[in-house]
Amino acid sequence: MVLGLSVGGWLGESAQALKPIGTLFVNAIKMLIVPLVFCSLVVGVTAMEDTAKMGRIGIKTLALYLATTTIAITLGLLFGYVVQPGSGISLVAQQPVGNQETPSLINTIVALIPQNPVESMARGDILQIIIFALALGISLSLTGEKGKPAIAVFTSLAEAMYKLTELVMKCAPYGVFGLMAWLAGTYGVDVLLPLLKVIVAVYIATLLHLYGFYGFCLKALGKVSPLRFFKVVFDAQMIAFTTSSSAGTLPMSLHCSRRLGASASTSCFILPLGATINMDGTALYQGVTALFIAQAYGIDLSTADYLTIIATATLASIGTAGIPGGGLIMLTLVLTTVGLPVEGVALIAGIDRILDMARTTVNITGDIMVNILVSKSEDELDIEVFDGVKKQDTTT
Ligand code: ASP
């Protein structure tokens, strides 16, 4: 990023020539969206299969995951609105943007069901893809034995897509270099200062969500000590912060949950599901960054746009893979849905890893928090272990 900025500032207008390197990277990200979301969602839903008997736990978990994510995205939008990180920049979108006509609510709902899922994939209509993936995942689970081979195929494809994402993310420094050089050459280096504001806004909102909101939930809903909770989950938070991967942190999240006295059976259901579909930090980040991009391009958003961002980011967070950079890919989807310029992602890509560290920490803390709340409500939490009075055997 620094090298790109320096080179771009030095080359001036001729830094245009470096843009294709960035475009290659952005195209590679876009290439991942449809297959990544589709496969990881189908697998996420079918993962619930073994635990269908845990219907009640499943419903509670899903409700809490969705509710906390909605609050996170709202907090992100609030911070984006108050801090106005993009207000100092004036970029011009390459293509005309804005939603010329806002479809009515009922039409939006009707359009959620794809008439032709293959066409939705070709168009990249992610909401329709999510709905189809959910439906397919549920029916594969209900199919029983005969559905298993297909589930295995999707699982393997999802793994391949995670790998591909990892490979694309390895190219991020080059892509970021190209985009930053082009940006600094075209608009001047000043364009970057507001990115600091994005980082500060995301980190403050993150801390508030972590310690304020989760602390409140633990105290008010779980009637357990938030202090003890945060002390124990710190290990998992450190892994999440450094690896930027919920999926990679899963073993540690499981370990911390057991140290907090949650039973193995509930934890083994709630945490993997959370690592796949519960992304509060990602939703929060999408709120701040979507507003940043709207402000940078001077686009006014209507109330309907805000609501669309909340709905899309909540759904998008379900489809976000728990791997580094997963949220950046889904940001393009949120932007497209509200009609914001997708090139805006280039601005965020340069600082994405810094933001990813914070959002992944929130993501996994949210998973463990929901696990504790649901386990407590189901009598699956040993409160003496939680309080540290008794030690749990975490080796089983
Ligand atoms: N890295 C995040 C996670 O694993 C996903 C994201 O990029 O937002 O939870």
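By convention here, the first residue in the shown sequence is residue 1. In each ligand, atom 1 is the first atom listed, and ligand 1 is the first ligand listed.
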**Fill in**
Numbered in order shown, the ligand 1 atoms found under 4.0 Å of a heavy atom of Gly325 are 7 (O)

**Prompt:** Taking only heavy atoms of Gly322, which atoms of ligand 1 are found under 4.0 Å from at least one of them?
**Reply:** 3 (C), 4 (O)

**Prompt:** Is there at least one pair of N or O atoms, one from Asp356 and one from ligand 1, spaced under 3.5 Å apart?
**Reply:** yes

**Prompt:** Atoms of ligand 1 less than 4.0 Å from Asn363 heavy atoms?
**Reply:** 2 (C), 3 (C), 9 (O)

**Message:** So for ligand 1, is Gly326 a polar contact partner (N or O within less than 3.5 Å, distance only)?
**Reply:** yes

**Request:** Starting from atom 2 (C) of ligand 1, locate the nearest protein heavy atom and write down its residue, its atom name and how far away it is, to 0.1 Å.
**Result:** Thr360 OG1, 3.3 Å

**Message:** For a quick test of reading the model, state the closest non-hydrogen atom pair linking Ala358 to Tyr203 and the distance between them.
**Reply:** CB-CZ, 3.6 Å

**Request:** Please report which non-hydrogen protein atom sits nearest to atom 6 (C) of ligand 1, along with the residue it belongs to and the distance in Å to one decimal place.
**Result:** Gly327 N, 3.0 Å

**Item:** Identity of the nearest option to atom 9 (O) of ligand 1, non-hydrogen atoms only, from Ser244, Ser246, Gly248, Ala275
**Value:** Ser246

**Request:** Apply ring pair (Phe, Tyr, Trp, His ring centres under 6.0 Å) to the pair Tyr211 and Phe230, showing each step before the final yes or no.
**Result:** CA-CA 8 Å; Tyr211 297 104; Phe230 287 116; 4.6 Å; yes

**Request:** Please indicate whether any nitrogen or oxygen in Ala247 is less than 3.5 Å from any nitrogen or oxygen in ligand 1.
**Result:** no

**Request:** Would you mind listing which atoms of ligand 1 come within a distance below 4.0 Å of any non-hydrogen atom of Met279?
**Result:** 9 (O)

**Prompt:** Which bit of Met330 is near ligand 1, meaning a heavy atom under 4.0 Å away: side chain, backbone, both or neither?
**Reply:** neither

**Request:** Run the numbers for me: atoms of ligand 1, each under 4.0 Å from some heavy atom of Thr282, listed by number.
**Result:** 5 (C), 6 (C), 8 (O)

**Prompt:** Could you walk me through whether Phe292 and Val83 pass the side-chain contact (heavy atoms from CB on, under 4.5 Å) check?
**Reply:** CA-CA 9 Å; Phe292 164 76; Val83 179; over 6 Å; no

**Request:** Return yes if a side-chain donor-acceptor contact under 3.5 Å exists between Asp280 and Tyr214, otherwise no.
**Result:** yes

**Prompt:** Ser225 side chain to Arg228 main-chain N or O, any donor-acceptor pair under 3.5 Å?
**Reply:** yes

**Request:** For ligand 1, indicate whether the residue Ile323 contacts it via side chain, backbone, both or neither (heavy-atom separation under 4.0 Å).
**Result:** backbone

**Request:** May I ask you to check whether Glu380 and Ser263 show a side-chain donor-acceptor distance below 3.5 Å?
**Result:** yes

**Asked** Can Arg359 and Asp352 be counted as an ion pair, charged N to O under 4.0 angstrom?
**Response** yes

**Request:** May I ask you to check whether Thr360 and Asn363 show a side-chain donor-acceptor distance below 3.5 Å?
**Result:** no

**Asked** Is any side-chain N of the basic residue among Lys163 and Glu159 closer than 4.0 Å to the acidic one's carboxylate O?
**Response** no

